[in-house]
Amino acid sequence: MRINTAQGIKELRAVWFEDGTVKMIDQRKLPANFEIYTAKTTEEVAYAIKDMVVRGAPAIGITAAYGMAQAALQKRNVDEAFNLLKNTRPTAHDLFFALKLMKEKIESGENVIRAAESYANDIIGRCEKIGEYGEKLIRDGYRILTHCNAGALAVGDWGTATAPLRKAHRNGKKIFVWVDETRPRLQGARLTAWEMVQEGIEHAVIADNAAGYFMKRGEIDMVIVGADRITKNGDVANKIGTYEKAVVAHENGIPFYVAAPISTFDFSLETGDDIPIEERNEREVLYCRECRVAPEDSKARNPAFDVTPAKYITGIITERGIFRPEDVWKLNGNDGQVHGM
Ligand code: MRU
C-alpha cells in the first residue's frame, strides 16, 4: 500500500516476513504513531492477532501463515503452533483456512517460507481482482459508505471493500467515501480514514449512528463492506454494526455489496447462525481509547461481529466475479459466476 512518509511515497504491506521474524504495522497505534511490531516467536504472533496489532480477516490469515512458517523454521511442534494460533480469534475464517493450508505444506515437506510468501501474494492478488470487478459497479461521482476497515491494512495490500475504491480513484473516477467510525475499536476513524488520506481519496468520518441519516437524505449511492466469514447460503459475518447498515440500506433502496476473497468463505456452515461470534473485553466499550466514558459501576457487552442475512445483500464481490448471495455456494469447487449484475 502507498504510505506517505517524510522521505516520499513508500510501498509497504501490512505484514511481512523478515530475518525469521513476522513484522507488521502496529494497527493499535495508528493514526497517531506509525510503528512496526516484530514477532520473534509463535507466542508473539498469537499475541499480535489476539491483541489486534494486526486485524482484518485476510491479514490475520497471512499473519498466521507466516507464524506457521516461523514455527517450522524454529523446529516447533507443528500441532502446538497450530493450536496457539488457532485459539486467538474465533470469527474470521481466513485464520483457519491459512492454518490448515500451512500445516499441510509443512507436513508435505515444502519450503515453508516460500509457501507462506505465496499464500500472502495469492490473497493480495485476489483482492486486487476484487478491485477490478468491484470498480465496474462504481459510477463517476458516487458517494460510497464503508464500515470498519476492510482496507489494505486488513489484507496486506489493496483491501477488500477498499480495493474497488482504490481502483476507481486511480482510474480517475471522482468518488467520495463515507467512513463509519466503528466503535468500539474505531477501525473506521483510525484506519480507513488513514488509508483514504494516504491514497488521497476524498472522505468524511461519520458517527456510527449517522449512516441512516445520510442514506435517507440521498447522500449515499452504495455501501461496500468486507467480511469475516460467509456461509453457504450467503449470510455474512462482519464488524458489529454491519447488519444495521444493511437493513437501513435495504429500506432506502441503496445497493449493499460485500467484498471478500475465497479464503473468507466457509462452505462447511449452512447459515450465519452457525458462525462463532467473538465477544471481546467490556473495557473496549466502557472506555474510548484510554478514557473511561461510562460510570465505574456500569457493565458492558462487546460482541465484535454481527451477521447480515443474505436477503439484505445485493451482491458479493469476489476475485471470481460478482455473485448474488444465493449463488455463492457455486464458488465451492466450480466456476459459477453470475453475469450481468
Ligand atoms: O475486529 P477486526 O478489526 O479484525 O474486524 C475486521 C472486519 O470486520 C473487516 O471488515 C473484515 O475482517 C474484512 S477485512 C478485509
Side-chain angles (χ1 to χ4, degrees), residues 1 13-15 24-28 30 48-64 88-98 120 123-124 126-131 134 145-166 179-195 208 223-230 236-246 256-266 272 275-281 284-285 302-308 313 316-319:
M1 81 191 84
R13 286 188 174 179
V15 51
M24 56 202 92
I25 298 173
D26 192 336
Q27 300 189 31
R28 299 168 305 179
L30 287 171
I49 296 173
K50 210 177 171 72
D51 206 50
M52 296 173 68
V53 175
V54 63
R55 28 68 49 206
I60 292 172
I62 290 172
T63 307
T88 48
R89 299 194 69 191
T91 305
H93 184 253
D94 299 63
L95 174 64
F96 313 106
F97 182 86
I123 295 297
I124 290 167
R126 285 167 189 267
C127 289
E128 184 174 1
K129 268 294 209 215
I130 286 173
L145 176 81
T146 191
H147 190 66
C148 192
N149 173 263
L153 288 164
V155 169
D157 205 349
W158 288 106
T160 56
T162 63
L165 309 180
R166 284 173 193 273
V179 178
D180 284 341
E181 64 172 348
T182 320
R183 271 282 283 156
R185 300 276 305 211
L186 301 171
Q187 291 95 325
R190 296 191 303 106
L191 307 176
T192 303
W194 181 80
E195 288 194 28
D208 283 329
V223 183
I224 313 182
V225 298
D228 285 86
R229 204 185 289 223
I230 302 174
V236 170
N238 191 49
K239 181 52 56 195
I240 192 77
T242 303
Y243 168 51
E244 293 173 13
K245 306 293 173 271
F256 185 95
Y257 286 94
V258 174
I262 245 56
S263 48
T264 305
F265 288 76
D266 184 351
I275 299 174
I277 299 294
E278 176 181 16
E279 177 123 8
R280 295 186 63 85
N281 196 308
E284 293 178 351
V285 175
N302 187 14
F305 303 96
D306 58 28
V307 174
T308 300
I313 298 167
I316 302 188
I317 311 166
T318 76
E319 66 274 39

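One-based numbering, in listed order, for ligands and for the atoms of each.
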Given 3.5 Å as the limit, does a donor-acceptor pair link the side chain of D306 with the main chain of G241, or not? yes
Heavy-atom pairs closer than 4.0 Å: do any link ligand 1 to the side chain of C148, the backbone, both, or neither? side chain
Does N238, backbone or side chain, put an N or O under 3.5 Å from an N or O of ligand 1? yes
Report the part of A227 (side chain from C-beta onward, or backbone N, CA, C, O) that has a heavy atom under 4.0 Å from ligand 1; answer both or neither where that applies. backbone
Please report the C-alpha distance between I25 and M1 in whole Å, then the side-chain angles of each, then the deciding distance to 0.1 Å, and finally whether the side-chain contact (heavy atoms from CB on, under 4.5 Å) criterion is met. CA-CA 12 Å; I25 298 173; M1 81 191 84; 4.1 Å; yes
Numbering as shown, the atoms of ligand 1 that approach D228 to under 4.0 Å (heavy-atom distance): 7 (C), 8 (O), 9 (C), 11 (C), 12 (O)
Can any side-chain N or O of E195 pair as donor or acceptor with the backbone N or O of A152 at less than 3.5 Å? yes
Does a side-chain N-to-carboxylate-O contact under 4.0 Å join R280 and E278? yes
Per-atom filter on ligand 1: closer than 4.0 angstrom to a heavy atom of Q187 are 1 (O), 2 (P), 3 (O)
Atom indices of ligand 1 within 4.0 angstrom of T160 heavy atoms, with elements: 15 (C)
If we only count N/O pairs under 3.5 Å, is G56 in contact with ligand 1? yes
Atoms of ligand 1, numbered as shown, that sit under 4.0 Å from any heavy atom of A57: 12 (O), 14 (S)
For A154, the atoms of ligand 1 under 4.0 Å from one of its heavy atoms are 14 (S), 15 (C)
If you measure from each non-hydrogen atom of N149 to ligand 1, which part falls under 4.0 Å: side chain, backbone, both or neither? backbone
State the atoms of ligand 1, each with its element, that fall below the 4.0 Å cut-off from a heavy-atom position in F305. 1 (O), 5 (O), 8 (O)
Show the atoms of ligand 1 that are less than 4.0 angstrom away from any heavy atom in K239. 1 (O), 2 (P), 5 (O), 8 (O)
Record the part of M52 in heavy-atom contact with ligand 1 below 4.0 Å; permitted values are side chain, backbone, both and neither. side chain
Say whether R89 and ligand 1 are in contact under the criterion: heavy-atom distance to a ligand atom below 4.0 Å. yes
Proximity flag A92 to ligand 1, non-hydrogen atoms under 4.0 Å: no
Return a yes/no value for H147: is any of its N or O atoms, backbone included, closer than 3.5 angstrom to an N or O of ligand 1? no
